[in-house]
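Heads up, the thing below is written out as C-alpha coordinates.
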Amino acid sequence: MEARQLLRGYLSLDCRRAVMANFKSSCSILLLERLEDTTVNYILSHPEYSSIFGADLKHTPAVSDPVLRSIGVHSCDPEAAVTMSAEVVSAAQQLVSACLEEDNGCPIILICGPKNVGKSTFSRYLINQVLQHIPCIDYLDCDPGQTEFTPPGCISLLRITKPVLGPPYTQQREPHKMVYYGEVSCEENLERLLESVKYVMTSYKREQPLIINTMGWVRGFGLLLLIDLIHLLSPSHIVQMAIKDKNAIEPLTPEYVRSSTGLMTKGQSQAQCRSLDLSDEEGQEDSYHSYYKASRGYDLIQIESSFSGAGDTKNIPCHNWILRDLAMLGYISKLQQFDPDQIIPLNALLPYEVPFNAVAVRVIHADVAPSHIMYSANASWVGLCHILDDIRSQDSGPVLLTQTPICDCLGFGIVRGVNMTKKVYHILTPLPPETLRQVNCLLIGSVSIPHSVFKHQPGVQGDVPYVTTEYDFSIYGSGKMKLKKHLRRREHQ
(Lines give C-alpha, C1' and ligand atoms only; values in the text may rest on other atoms or scores of the structure.)
Protein backbone atom coordinates (compact mmCIF):
# COMPACT_ATOMS: atom_id res chain seq x y z
CA MET A 1 0.00 0.00 0.00
CA GLU A 2 2.88 2.38 0.79
CA ALA A 3 4.49 1.70 -2.60
CA ARG A 4 1.22 2.31 -4.44
CA GLN A 5 0.75 5.60 -2.61
CA LEU A 6 4.28 6.79 -3.47
CA LEU A 7 3.87 5.92 -7.14
CA ARG A 8 0.53 7.69 -7.46
CA GLY A 9 2.16 11.08 -7.91
CA TYR A 10 4.38 9.87 -10.76
CA LEU A 11 2.72 7.11 -12.79
CA SER A 12 -0.63 6.53 -14.41
CA LEU A 13 -2.94 3.79 -13.16
CA ASP A 14 -1.96 1.33 -15.88
CA CYS A 15 1.76 1.90 -15.24
CA ARG A 16 1.27 1.50 -11.50
CA ARG A 17 -0.49 -1.81 -12.03
CA ALA A 18 2.33 -3.03 -14.30
CA VAL A 19 4.96 -2.11 -11.71
CA MET A 20 3.09 -3.55 -8.75
CA ALA A 21 2.50 -6.85 -10.55
CA ASN A 22 6.18 -7.70 -10.02
CA PHE A 23 6.61 -5.90 -6.71
CA LYS A 24 7.59 -7.70 -3.51
CA SER A 25 8.13 -6.37 -0.01
CA SER A 26 11.89 -6.88 -0.43
CA CYS A 27 12.04 -4.77 -3.62
CA SER A 28 13.27 -1.22 -4.13
CA ILE A 29 11.77 1.07 -6.75
CA LEU A 30 14.11 3.21 -8.84
CA LEU A 31 12.25 6.09 -10.51
CA LEU A 32 13.98 7.56 -13.56
CA GLU A 33 12.86 10.88 -15.00
CA ARG A 34 14.09 12.66 -18.10
CA LEU A 35 16.29 15.60 -17.21
CA GLU A 36 14.66 18.65 -18.71
CA ASP A 37 15.55 22.05 -17.38
CA THR A 38 16.56 25.42 -18.75
CA THR A 39 20.31 24.71 -18.75
CA VAL A 40 19.99 21.42 -20.63
CA ASN A 41 17.49 22.81 -23.15
CA TYR A 42 19.62 25.90 -23.83
CA ILE A 43 22.80 23.89 -24.41
CA LEU A 44 20.94 21.50 -26.72
CA SER A 45 19.60 24.44 -28.74
CA HIS A 46 23.10 25.03 -30.15
CA PRO A 47 23.72 22.71 -33.13
CA GLU A 48 27.34 22.07 -32.08
CA TYR A 49 26.17 20.53 -28.80
CA SER A 50 22.82 19.04 -29.78
CA SER A 51 24.10 15.51 -29.10
CA ILE A 52 26.24 16.31 -26.06
CA PHE A 53 24.06 14.13 -23.82
CA GLY A 54 23.71 11.35 -26.37
CA ALA A 55 25.65 8.11 -26.47
CA ASP A 56 27.06 6.10 -29.35
CA LEU A 57 25.12 2.86 -29.09
CA LYS A 58 26.39 1.27 -32.31
CA HIS A 59 29.04 -0.86 -30.63
CA THR A 60 27.37 -1.44 -27.26
CA PRO A 61 25.21 -4.50 -26.61
CA ALA A 62 21.59 -3.77 -25.76
CA VAL A 63 20.24 -4.60 -22.33
CA SER A 64 17.62 -7.32 -22.14
CA ASP A 65 15.08 -5.36 -20.11
CA PRO A 66 12.76 -3.52 -22.54
CA VAL A 67 11.98 -0.73 -20.04
CA LEU A 68 15.63 0.12 -19.49
CA ARG A 69 16.32 -0.16 -23.20
CA SER A 70 13.48 2.24 -24.03
CA ILE A 71 14.94 5.07 -21.92
CA GLY A 72 18.50 4.72 -23.24
CA VAL A 73 20.16 2.52 -20.63
CA HIS A 74 22.75 0.34 -22.34
CA SER A 75 25.57 -2.00 -21.43
CA CYS A 76 28.94 -0.43 -20.76
CA ASP A 77 32.48 -1.70 -20.99
CA PRO A 78 33.66 -2.10 -17.37
CA GLU A 79 37.01 -0.54 -18.27
CA ALA A 80 35.25 2.63 -19.45
CA ALA A 81 33.25 3.04 -16.25
CA VAL A 82 34.22 5.39 -13.43
CA THR A 83 35.57 3.06 -10.77
CA MET A 84 37.30 3.87 -7.51
CA SER A 85 40.31 1.80 -6.57
CA ALA A 86 40.76 0.51 -3.03
CA GLU A 87 43.51 3.11 -2.61
CA VAL A 88 41.14 5.97 -3.51
CA VAL A 89 38.35 4.65 -1.28
CA SER A 90 40.76 4.29 1.63
CA ALA A 91 42.08 7.84 1.16
CA ALA A 92 38.55 9.24 1.03
CA GLN A 93 37.57 7.37 4.20
CA GLN A 94 40.61 8.76 5.99
CA LEU A 95 39.69 12.30 4.97
CA VAL A 96 36.02 11.85 5.90
CA SER A 97 37.12 10.69 9.36
CA ALA A 98 39.28 13.82 9.69
CA CYS A 99 36.29 15.99 8.75
CA LEU A 100 34.16 14.33 11.43
CA GLU A 101 36.72 14.27 14.22
CA GLU A 102 37.90 17.90 13.96
CA ASP A 103 40.57 17.24 16.60
CA ASN A 104 42.76 20.03 15.21
CA GLY A 105 39.99 22.21 13.85
CA CYS A 106 38.31 21.82 10.50
CA PRO A 107 40.66 20.12 8.04
CA ILE A 108 41.97 21.92 4.95
CA ILE A 109 42.47 19.36 2.16
CA LEU A 110 44.59 20.31 -0.86
CA ILE A 111 44.42 18.05 -3.93
CA CYS A 112 47.25 18.26 -6.45
CA GLY A 113 48.80 16.34 -9.31
CA PRO A 114 49.49 16.55 -13.07
CA LYS A 115 46.81 16.84 -15.73
CA ASN A 116 44.32 14.05 -16.32
CA VAL A 117 45.06 11.99 -13.22
CA GLY A 118 41.57 12.21 -11.72
CA LYS A 119 41.79 15.23 -9.40
CA SER A 120 38.31 16.50 -10.29
CA THR A 121 36.77 13.03 -10.03
CA PHE A 122 38.37 12.48 -6.63
CA SER A 123 37.19 15.91 -5.45
CA ARG A 124 33.59 15.15 -6.43
CA TYR A 125 33.75 11.72 -4.83
CA LEU A 126 35.17 13.19 -1.62
CA ILE A 127 32.57 15.99 -1.53
CA ASN A 128 29.74 13.49 -1.89
CA GLN A 129 31.18 11.23 0.80
CA VAL A 130 31.58 14.10 3.26
CA LEU A 131 28.07 15.44 2.60
CA GLN A 132 26.64 12.13 3.78
CA HIS A 133 27.79 13.05 7.30
CA ILE A 134 27.80 16.86 7.57
CA PRO A 135 25.47 19.45 5.99
CA CYS A 136 28.04 21.49 4.04
CA ILE A 137 31.67 21.74 2.95
CA ASP A 138 33.66 24.63 1.49
CA TYR A 139 35.45 24.40 -1.85
CA LEU A 140 38.28 26.65 -3.04
CA ASP A 141 38.84 26.49 -6.80
CA CYS A 142 42.36 27.63 -7.77
CA ASP A 143 42.25 26.32 -11.34
CA PRO A 144 40.98 29.09 -13.66
CA GLY A 145 41.22 26.84 -16.72
CA GLN A 146 39.04 24.00 -15.46
CA THR A 147 36.60 25.43 -12.96
CA GLU A 148 34.05 23.17 -11.32
CA PHE A 149 31.14 25.45 -10.35
CA THR A 150 31.74 28.79 -12.12
CA PRO A 151 32.52 30.02 -15.63
CA PRO A 152 36.21 29.75 -16.62
CA GLY A 153 38.83 32.28 -15.56
CA CYS A 154 37.72 32.50 -11.91
CA ILE A 155 39.21 31.93 -8.48
CA SER A 156 36.30 31.18 -6.18
CA LEU A 157 35.22 29.99 -2.75
CA LEU A 158 31.93 28.11 -2.57
CA ARG A 159 29.85 26.45 0.10
CA ILE A 160 28.61 23.09 -1.19
CA THR A 161 25.43 21.70 0.36
CA LYS A 162 24.18 19.36 -2.38
CA PRO A 163 25.87 16.32 -3.95
CA VAL A 164 27.88 16.85 -7.12
CA LEU A 165 26.40 14.47 -9.67
CA GLY A 166 26.80 16.10 -13.08
CA PRO A 167 29.47 17.67 -15.27
CA PRO A 168 30.52 21.25 -14.39
CA TYR A 169 28.39 22.91 -17.07
CA THR A 170 25.19 21.52 -15.50
CA GLN A 171 25.93 22.71 -11.96
CA GLN A 172 26.88 26.38 -12.06
CA ARG A 173 26.53 27.60 -8.46
CA GLU A 174 26.62 30.90 -6.62
CA PRO A 175 30.07 31.45 -5.06
CA HIS A 176 30.57 32.81 -1.57
CA LYS A 177 33.45 34.97 -2.88
CA MET A 178 34.97 35.15 -6.35
CA VAL A 179 37.69 37.00 -8.25
CA TYR A 180 37.68 37.18 -12.02
CA TYR A 181 41.24 36.31 -13.01
CA GLY A 182 40.30 36.67 -16.68
CA GLU A 183 42.53 34.00 -18.17
CA VAL A 184 42.44 30.21 -18.37
CA SER A 185 46.20 29.94 -17.93
CA CYS A 186 48.22 31.72 -15.28
CA GLU A 187 51.60 31.49 -17.00
CA GLU A 188 51.65 35.17 -17.94
CA ASN A 189 50.80 36.59 -14.51
CA LEU A 190 51.61 34.29 -11.62
CA GLU A 191 51.69 37.02 -9.00
CA ARG A 192 48.10 38.08 -9.67
CA LEU A 193 46.93 34.48 -9.34
CA LEU A 194 48.50 34.25 -5.88
CA GLU A 195 47.04 37.60 -4.89
CA SER A 196 43.62 36.46 -6.11
CA VAL A 197 43.79 33.26 -4.05
CA LYS A 198 44.93 35.26 -1.05
CA TYR A 199 42.02 37.71 -1.47
CA VAL A 200 39.38 35.00 -1.84
CA MET A 201 40.76 33.04 1.11
CA THR A 202 40.07 35.95 3.46
CA SER A 203 36.41 34.90 3.45
CA TYR A 204 37.14 31.42 4.77
CA LYS A 205 36.47 31.31 8.51
CA ARG A 206 37.31 27.63 9.06
CA GLU A 207 33.82 26.80 10.28
CA GLN A 208 33.61 23.74 8.00
CA PRO A 209 36.14 21.56 6.13
CA LEU A 210 37.74 22.99 3.00
CA ILE A 211 38.70 21.18 -0.20
CA ILE A 212 41.20 22.99 -2.44
CA ASN A 213 41.39 22.22 -6.15
CA THR A 214 44.69 23.06 -7.87
CA MET A 215 45.93 23.14 -11.45
CA GLY A 216 47.58 20.28 -13.31
CA TRP A 217 50.69 22.39 -13.90
CA VAL A 218 53.25 20.80 -11.58
CA ARG A 219 56.53 21.33 -13.46
CA GLY A 220 58.88 24.31 -13.46
CA PHE A 221 57.10 27.47 -12.42
CA GLY A 222 53.98 25.38 -11.79
CA LEU A 223 55.72 23.49 -8.98
CA LEU A 224 56.97 26.74 -7.45
CA LEU A 225 53.43 28.10 -7.60
CA LEU A 226 52.12 24.96 -5.90
CA ILE A 227 54.69 25.34 -3.12
CA ASP A 228 53.55 28.94 -2.65
CA LEU A 229 49.94 27.80 -2.38
CA ILE A 230 50.88 25.28 0.30
CA HIS A 231 52.80 27.93 2.22
CA LEU A 232 49.88 30.34 1.89
CA LEU A 233 46.94 28.05 2.60
CA SER A 234 48.58 25.84 5.25
CA PRO A 235 46.62 22.63 4.54
CA SER A 236 46.18 19.94 7.15
CA HIS A 237 46.08 17.21 4.46
CA ILE A 238 47.60 17.04 0.97
CA VAL A 239 46.40 14.48 -1.54
CA GLN A 240 49.14 14.07 -4.12
CA MET A 241 47.95 12.15 -7.17
CA ALA A 242 50.48 10.68 -9.56
CA ILE A 243 50.55 8.48 -12.65
CA LYS A 244 51.43 4.84 -12.13
CA ASP A 245 54.64 3.67 -13.79
CA LYS A 246 55.58 7.20 -14.93
CA ASN A 247 58.02 9.78 -13.67
CA ALA A 248 56.34 11.81 -10.96
CA ILE A 249 57.37 14.94 -9.12
CA GLU A 250 59.05 14.76 -5.75
CA PRO A 251 56.71 13.62 -2.95
CA LEU A 252 55.42 16.80 -1.29
CA THR A 253 56.40 15.81 2.22
CA PRO A 254 56.26 18.49 4.93
CA GLU A 255 60.05 18.46 5.09
CA TYR A 256 60.41 18.95 1.33
CA VAL A 257 57.89 21.80 1.16
CA ARG A 258 59.22 23.47 4.30
CA SER A 259 62.72 23.68 2.82
CA SER A 260 61.61 24.60 -0.72
CA THR A 261 61.49 28.09 -2.16
CA GLY A 262 58.49 29.13 -4.22
CA LEU A 263 57.91 32.20 -6.34
CA MET A 264 56.92 34.40 -3.42
CA THR A 265 58.06 32.50 -0.33
CA LYS A 266 61.40 31.32 0.93
CA GLY A 267 62.30 27.90 2.23
CA GLN A 268 63.05 27.37 5.88
CA SER A 269 66.71 26.84 5.11
CA GLN A 270 66.95 30.50 4.03
CA ALA A 271 64.59 32.08 6.52
CA GLN A 272 61.82 31.20 8.88
CA CYS A 273 59.16 29.82 6.56
CA ARG A 274 56.16 32.10 6.53
CA SER A 275 53.08 32.81 4.47
CA LEU A 276 52.63 35.71 2.12
CA ASP A 277 52.53 39.11 3.78
CA LEU A 278 48.97 39.61 4.95
CA SER A 279 49.53 42.84 6.84
CA ASP A 280 47.88 44.88 4.11
CA GLU A 281 44.55 43.15 4.66
CA GLU A 282 42.94 45.74 6.88
CA GLY A 283 40.15 44.75 9.18
CA GLN A 284 40.88 41.03 9.11
CA GLU A 285 40.39 39.03 12.27
CA ASP A 286 43.47 37.99 14.22
CA SER A 287 42.47 34.38 13.75
CA TYR A 288 43.09 34.75 10.02
CA HIS A 289 46.83 35.08 10.56
CA SER A 290 46.97 32.04 12.82
CA TYR A 291 45.38 29.86 10.14
CA TYR A 292 47.66 30.81 7.27
CA LYS A 293 51.10 30.58 8.74
CA ALA A 294 53.37 28.33 6.73
CA SER A 295 52.82 24.63 7.06
CA ARG A 296 53.81 23.34 10.47
CA GLY A 297 53.08 19.84 9.24
CA TYR A 298 50.35 17.98 7.42
CA ASP A 299 49.32 14.48 6.46
CA LEU A 300 50.47 13.53 2.96
CA ILE A 301 48.29 11.01 1.13
CA GLN A 302 49.75 9.68 -2.11
CA ILE A 303 47.51 8.08 -4.74
CA GLU A 304 48.59 6.39 -7.95
CA SER A 305 46.13 6.75 -10.82
CA SER A 306 45.98 3.48 -12.71
CA PHE A 307 42.91 3.98 -14.92
CA SER A 308 43.27 3.62 -18.67
CA GLY A 309 44.75 6.78 -20.22
CA ALA A 310 45.82 8.37 -16.93
CA GLY A 311 48.10 11.33 -17.63
CA ASP A 312 47.63 11.10 -21.40
CA THR A 313 46.28 14.51 -22.39
CA LYS A 314 46.15 13.56 -26.08
CA ASN A 315 43.30 11.09 -25.62
CA ILE A 316 41.00 13.16 -23.41
CA PRO A 317 37.40 12.53 -24.64
CA CYS A 318 36.44 16.22 -24.47
CA HIS A 319 38.83 19.13 -25.00
CA ASN A 320 39.11 21.68 -22.20
CA TRP A 321 37.98 24.53 -24.44
CA ILE A 322 34.73 22.66 -25.13
CA LEU A 323 34.11 22.19 -21.41
CA ARG A 324 34.81 25.90 -20.87
CA ASP A 325 32.34 26.88 -23.60
CA LEU A 326 29.72 24.56 -22.09
CA ALA A 327 30.25 26.07 -18.63
CA MET A 328 29.65 29.53 -20.09
CA LEU A 329 26.53 28.33 -21.91
CA GLY A 330 25.33 26.90 -18.60
CA TYR A 331 25.74 30.33 -17.03
CA ILE A 332 24.13 32.15 -19.97
CA SER A 333 21.14 29.82 -19.72
CA LYS A 334 20.11 31.73 -16.57
CA LEU A 335 18.91 34.45 -18.94
CA GLN A 336 16.14 32.07 -20.01
CA GLN A 337 13.87 32.99 -17.11
CA PHE A 338 10.60 32.53 -18.97
CA ASP A 339 9.20 29.33 -20.47
CA PRO A 340 11.84 26.58 -20.07
CA ASP A 341 10.58 24.90 -23.23
CA GLN A 342 10.95 28.07 -25.34
CA ILE A 343 14.51 29.22 -25.96
CA ILE A 344 14.79 32.96 -26.62
CA PRO A 345 17.92 33.88 -28.64
CA LEU A 346 20.27 36.36 -27.00
CA ASN A 347 19.75 38.91 -29.76
CA ALA A 348 16.05 39.00 -28.83
CA LEU A 349 16.61 39.73 -25.12
CA LEU A 350 16.40 43.27 -23.75
CA PRO A 351 19.80 44.40 -22.38
CA TYR A 352 20.57 46.79 -19.53
CA GLU A 353 21.82 50.26 -20.45
CA VAL A 354 24.88 51.20 -18.40
CA PRO A 355 26.31 54.74 -18.72
CA PHE A 356 30.00 55.00 -19.54
CA ASN A 357 30.75 57.02 -16.40
CA ALA A 358 28.94 54.57 -14.07
CA VAL A 359 31.51 51.80 -14.40
CA ALA A 360 35.27 51.58 -14.79
CA VAL A 361 36.73 49.35 -17.52
CA ARG A 362 39.93 47.34 -17.59
CA VAL A 363 41.33 44.86 -20.12
CA ILE A 364 43.16 42.23 -18.08
CA HIS A 365 45.10 40.14 -20.54
CA ALA A 366 46.63 42.71 -22.91
CA ASP A 367 47.78 46.30 -23.17
CA VAL A 368 45.10 48.16 -25.14
CA ALA A 369 45.33 51.79 -26.21
CA PRO A 370 42.57 53.95 -24.68
CA SER A 371 41.27 54.76 -28.15
CA HIS A 372 40.64 51.04 -28.75
CA ILE A 373 39.01 50.11 -25.42
CA MET A 374 35.48 50.31 -26.83
CA TYR A 375 36.42 47.92 -29.62
CA SER A 376 37.69 45.50 -26.98
CA ALA A 377 34.55 45.84 -24.89
CA ASN A 378 32.09 45.32 -27.73
CA ALA A 379 30.77 41.72 -27.97
CA SER A 380 32.89 40.69 -24.98
CA TRP A 381 32.41 38.45 -21.98
CA VAL A 382 32.91 40.68 -18.93
CA GLY A 383 33.24 40.19 -15.22
CA LEU A 384 30.78 42.40 -13.33
CA CYS A 385 32.81 43.52 -10.34
CA HIS A 386 32.75 45.84 -7.36
CA ILE A 387 35.77 47.95 -6.41
CA LEU A 388 36.06 50.15 -3.34
CA ASP A 389 37.25 53.21 -5.23
CA ASP A 390 34.76 55.89 -6.22
CA ILE A 391 34.91 55.86 -10.00
CA ARG A 392 32.04 58.17 -10.92
CA SER A 393 33.14 61.21 -12.90
CA GLN A 394 31.44 64.35 -14.15
CA ASP A 395 32.67 63.57 -17.63
CA SER A 396 30.31 61.37 -19.68
CA GLY A 397 33.18 59.46 -21.27
CA PRO A 398 34.41 56.00 -20.25
CA VAL A 399 36.38 55.51 -17.03
CA LEU A 400 39.56 53.53 -17.69
CA LEU A 401 41.63 51.80 -15.00
CA THR A 402 45.41 51.76 -15.35
CA GLN A 403 45.87 48.63 -13.21
CA THR A 404 43.89 45.43 -12.81
CA PRO A 405 42.16 45.41 -9.41
CA ILE A 406 41.84 42.35 -7.18
CA CYS A 407 38.18 42.71 -6.27
CA ASP A 408 34.86 40.94 -5.79
CA CYS A 409 33.30 39.57 -8.96
CA LEU A 410 29.51 39.46 -8.57
CA GLY A 411 28.76 37.71 -11.83
CA PHE A 412 29.15 37.93 -15.59
CA GLY A 413 27.59 39.56 -18.59
CA ILE A 414 27.84 40.00 -22.33
CA VAL A 415 28.43 43.44 -23.82
CA ARG A 416 25.94 43.15 -26.63
CA GLY A 417 26.75 46.57 -28.00
CA VAL A 418 28.30 49.97 -27.32
CA ASN A 419 26.28 53.08 -28.14
CA MET A 420 28.80 55.87 -28.67
CA THR A 421 26.05 58.46 -29.22
CA LYS A 422 24.19 57.84 -25.95
CA LYS A 423 27.45 56.77 -24.28
CA VAL A 424 26.09 53.57 -22.77
CA TYR A 425 27.01 49.90 -22.75
CA HIS A 426 24.29 47.38 -23.62
CA ILE A 427 24.84 44.44 -21.27
CA LEU A 428 23.02 41.11 -20.99
CA THR A 429 23.32 39.48 -17.57
CA PRO A 430 21.22 37.19 -15.36
CA LEU A 431 22.17 39.16 -12.23
CA PRO A 432 19.20 40.70 -10.39
CA PRO A 433 18.90 44.50 -10.21
CA GLU A 434 19.77 44.64 -6.49
CA THR A 435 23.13 43.00 -7.26
CA LEU A 436 23.74 45.11 -10.36
CA ARG A 437 23.53 48.26 -8.25
CA GLN A 438 26.81 47.20 -6.61
CA VAL A 439 28.65 46.74 -9.92
CA ASN A 440 31.02 49.59 -10.75
CA CYS A 441 33.76 47.82 -12.73
CA LEU A 442 33.85 45.77 -15.93
CA LEU A 443 36.82 43.43 -16.33
CA ILE A 444 37.57 42.08 -19.82
CA GLY A 445 39.77 39.00 -20.02
CA SER A 446 40.91 36.53 -22.63
CA VAL A 447 37.83 34.37 -22.00
CA SER A 448 35.64 34.98 -25.05
CA ILE A 449 31.98 34.33 -25.74
CA PRO A 450 31.49 30.78 -27.12
CA HIS A 451 31.59 30.70 -30.91
CA SER A 452 28.29 28.83 -30.95
CA VAL A 453 26.56 31.96 -29.58
CA PHE A 454 27.82 34.06 -32.48
CA LYS A 455 27.02 31.45 -35.12
CA HIS A 456 23.56 30.71 -33.71
CA GLN A 457 21.67 33.99 -34.14
CA PRO A 458 18.14 33.15 -35.35
CA GLY A 459 16.29 35.73 -37.39
CA VAL A 460 19.40 37.44 -38.75
CA GLN A 461 19.30 38.02 -42.50
CA GLY A 462 22.43 38.58 -44.53
CA ASP A 463 25.79 38.84 -42.79
CA VAL A 464 25.84 37.50 -39.24
CA PRO A 465 27.09 40.17 -36.79
CA TYR A 466 30.63 39.60 -35.47
CA VAL A 467 31.18 36.56 -37.71
CA THR A 468 33.50 36.53 -40.71
CA THR A 469 35.47 34.00 -42.72
CA GLU A 470 37.74 36.63 -44.27
CA TYR A 471 40.23 37.40 -41.51
CA ASP A 472 43.91 37.72 -42.27
CA PHE A 473 46.07 36.82 -39.28
CA SER A 474 49.16 37.95 -41.16
CA ILE A 475 48.14 41.60 -40.71
CA TYR A 476 50.30 43.34 -38.13
CA GLY A 477 48.32 43.75 -34.90
CA SER A 478 45.67 41.14 -35.77
CA GLY A 479 46.59 39.04 -32.74
CA LYS A 480 47.08 40.00 -29.13
CA MET A 481 50.55 40.63 -27.78
CA LYS A 482 51.54 38.18 -25.05
CA LEU A 483 53.25 39.55 -21.98
CA LYS A 484 55.25 37.24 -19.76
CA LYS A 485 55.09 38.42 -16.18
CA HIS A 486 57.05 35.68 -14.44
CA LEU A 487 58.48 36.59 -11.07
CA ARG A 488 62.09 36.05 -10.24
CA ARG A 489 62.86 34.13 -7.12
CA ARG A 490 63.55 36.32 -4.15
CA GLU A 491 67.13 35.14 -3.78
CA HIS A 492 67.83 36.46 -7.28
CA GLN A 493 66.37 39.91 -6.59
Side-chain angles (χ1 to χ4, degrees), residues 144 150-156 175 177-183 186 188-189 191-200 202-203 280-283 328 331 351-449 480-481 483 485:
T150 66
C154 298
I155 305 297
S156 60
K177 197 176 188 69
M178 176 170 63
V179 167
Y180 185 44
Y181 181 72
E183 301 186 60
C186 66
E188 296 179 17
N189 201 330
E191 182 180 5
R192 190 161 61 83
L193 181 96
L194 287 171
E195 291 297 325
S196 298
V197 172
K198 170 183 165 182
Y199 179 82
V200 169
T202 59
S203 290
D280 58 340
E281 299 292 342
E282 297 181 2
M328 295 171 73
Y331 186 88
Y352 289 98
E353 282 193 349
V354 182
F356 283 176
N357 61 356
V359 291
V361 178
R362 173 67 180 174
V363 177
I364 297 172
H365 62 291
D367 291 332
V368 180
S371 58
H372 288 73
I373 289 292
M374 294 297 103
Y375 296 109
S376 300
N378 195 23
S380 291
W381 177 266
V382 294
L384 305 177
C385 305
H386 174 75
I387 58 177
L388 298 179
D389 299 333
D390 184 11
I391 56 87
R392 284 190 173 271
S393 67
Q394 301 299 324
D395 186 7
S396 60
V399 180
L400 307 181
L401 297 177
T402 58
Q403 293 183 335
T404 302
I406 306 295
C407 59
D408 288 345
C409 180
L410 307 179
F412 297 92
I414 293 175
V415 179
R416 181 180 157 184
V418 178
N419 190 323
M420 298 300 295
T421 303
K422 296 177 62 176
K423 297 187 177 181
V424 294
Y425 305 102
H426 290 165
I427 298 179
L428 291 171
T429 177
L431 289 183
E434 56 270 21
T435 303
L436 285 176
R437 293 188 185 99
Q438 304 176 45
V439 174
N440 60 358
C441 177
L442 305 181
L443 293 183
I444 305 168
S446 62
V447 179
S448 59
I449 300 172
K480 81 179 183 74
M481 180 176 63
L483 301 175
K485 297 181 180 179

Side chain proximity check, [X] to [Y], heavy atoms < 4.5 angstrom:
X    : Y    : result
E195 : V197 : no
P398 : L400 : yes
V354 : V439 : no
Y425 : P351 : no
E188 : H365 : no
I364 : L443 : yes
F356 : K422 : no
Y352 : H426 : no

Once rounded to the nearest 0.5 Å, what's the spacing between atom [atom1] of [X] and atom [atom2] of [Y]?
X    : Y    : atom1 : atom2 : value
C385 : M178 : SG    : CE    : 8.0 Å
L431 : L436 : CG    : CG    : 5.0 Å
M328 : W381 : CE    : CH2   : 4.5 Å
R192 : Y181 : CZ    : OH    : 5.0 Å
N440 : N357 : CG    : CG    : 12.0 Å
T435 : L384 : OG1   : CG    : 10.0 Å

Subject >> Sequence-distant partners of K423, salt bridge (charged side-chain N to carboxylate O under 4.0 Å, His left out), two or more places apart >> reply: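 K423 satisfies salt bridge (charged side-chain N to carboxylate O under 4.0 Å, His left out) with no other residue.
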**OP:** Pick out which of V361, I373, I444 makes a side chain to side chain contact (heavy atoms under 4.5 Å, CB included) with V368.
**Re:**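 Between V368 and the candidates, side chain to side chain contact (heavy atoms under 4.5 Å, CB included) is satisfied uniquely by I373.
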Which pair of non-hydrogen atoms, one from [X] and one from [Y], has the smallest distance, and what is that distance?
X    : Y    : answer
V447 : G153 : CG2-CA, 4.3 Å
V424 : P355 : CG1-CA, 3.9 Å
I449 : A379 : CD1-O, 3.4 Å

Original post:
Are the side chain of S446 and the backbone N or O of G182 linked by a donor-acceptor pair below 3.5 Å?
Top reply: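 Pair found, side chain donor or acceptor close to backbone of G182.
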Subject >> Pairs involving residues 371-382, ordered by first then second residue, that meet salt bridge (Lys or Arg N to Asp or Glu O under 4.0 Å) (sequence neighbours left out) >> reply: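 Matches after skipping sequence neighbours: none remain.
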**OP:** Begin from the C-alpha positions of L442 and I427 and carry the test side-chain contact (heavy atoms from CB on, under 4.5 Å) through to its verdict.
**Re:** CA-CA 11 Å; L442 305 181; I427 298 179; 4.0 Å; yes
Considering only distance and modelled atom types, tabulate donor-acceptor pairs under 3.5 Å from the side chains of residues 403-417, sequence neighbours left out.
{"unit_1": "T404", "atom_1": "OG1", "unit_2": "R362", "atom_2": "NE", "d": "3.1"}
{"unit_1": "D408", "atom_1": "OD1", "unit_2": "K177", "atom_2": "NZ", "d": "2.9"}
{"unit_1": "D408", "atom_1": "OD1", "unit_2": "Y199", "atom_2": "OH", "d": "2.9"}
{"unit_1": "R416", "atom_1": "NH1", "unit_2": "L349", "atom_2": "O", "d": "2.7"}
{"unit_1": "R416", "atom_1": "NH2", "unit_2": "N347", "atom_2": "O", "d": "3.1"}

